[in-house]
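Below is one structure; the comments refer to it alone.
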Amino acid sequence: MAHPIRREEEKSEMAEVAVRTRTPYDRIARLYELLSSPMEAMGVREKRRRLLARARGRTLEVGIGTGKSIPHYPRGVRLFGIDLSAPMLRELTRRGRGPAFLARADVRALPFPDSSFDTVVSCCVFCSVRDPVAGLEEIRRVLKPGGFALFLEHVRPRGRIAGLLADLLSPLTRTLLGFELNRRTEENLTRAGLLLLEVRREGIWREIVATGG
């Protein structure tokens with residue numbers, strides 16, 4: 001096990017690097033809602049609405065982006081949001097979507113104490129996190145005992161040919177658009193110590209309810 005002081009030092013260094021990091025989403029922040037609208041119309045909006053209906057209490061959304069999820073949260077949720085892209089956060093505030101707390105931060109180094117949130121939400125985020133298991137471990141850390149982590153993510157296709165195609169295209173999509181097509185998010189959740197309670201599978205899409213175990 002890593003020394004706890006050293007781990008905090010590493011997280012602090014990572015957070016400082018995150019402030020200086022540029023992401024592919026910086027370039028497309030103003031166009032993000034337009035570019036993602038076909039995907040939303042083809043079912044992602046409904047998946048998002050269904051999943052976020054389960055959020056309760058003090059809630060953190062990692063990778064909040066332009067705030068597309070904000071209208072779908074139930075009343076009574078106190079929403080906190082982080083994102084690595086400063087232009088995406090500026091677009092969120094320009095559109096008048098304001099959670100209780102908003103910060104530029106890396107999901108791998110969340111600026112919150114242990115056991116801070118009743119719910120943690122991720123929508124189409126872990127396709128782009130460089131070390132997804134590290135980010136998922138952070139989600140587990142800030143989740144209260146008995147709290148729930150809600151994930152809407154696309155994953156590597158199960159078919160042999162489709163999976164191979166996703167593997168071949170992922171370096172290109174990562175460079176141009178910031179995300180990968182071949183993430184194995186269910187397996188990564190388990191590796192991070194999260195317990196999968198419910199998984200709704202539809203094609204490449206996963207709606208997952210997990211807890212810290």
Main-chain N/O of [Y] paired to [X] side chain as donor or acceptor, under 3.5 Å:
X      : Y      : answer
Arg191 : Leu136 : no
Thr59  : Gly57  : yes
Ser115 : Val142 : no
Thr211 : Leu195 : no
Asp118 : Arg58  : yes
Arg141 : Leu110 : yes
Arg201 : Arg206 : no

Side chain to side chain, [X] and [Y], heavy atoms closer than 4.5 Å:
X      : Y      : result
Arg104 : Leu89  : yes
Arg184 : Val155 : no
His72  : Arg45  : yes
Phe112 : Leu60  : yes
Lys47  : Trp205 : yes
Val209 : Leu150 : yes

(request) Give a yes or no on whether a salt bridge exists between Arg140 and Glu137, defined as a side-chain N under 4.0 angstrom from a carboxylate O. (result)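 No, no charged N to carboxylate O under 4.0 Å.
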(message) Assess whether a salt bridge exists between Arg54 and Glu198, defined as any Lys/Arg side-chain N lying under 4.0 Å from an Asp/Glu carboxylate O.
(response)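 Yes, charged N to carboxylate O under 4.0 Å.
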(request) Evaluate side-chain contact (heavy atoms from CB on, under 4.5 Å) for Leu194 paired with Phe151, printing each intermediate quantity in order. (result) CA-CA 12 Å; Leu194 288 157; Phe151 299 90; 4.3 Å; yes
(request) Might you point out which heavy atoms bring Asp83 and Ile64 nearest each other, and give the distance in Å? (result)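 So the minimum-distance heavy-atom pair works out to OD2-N, 3.4 Å.
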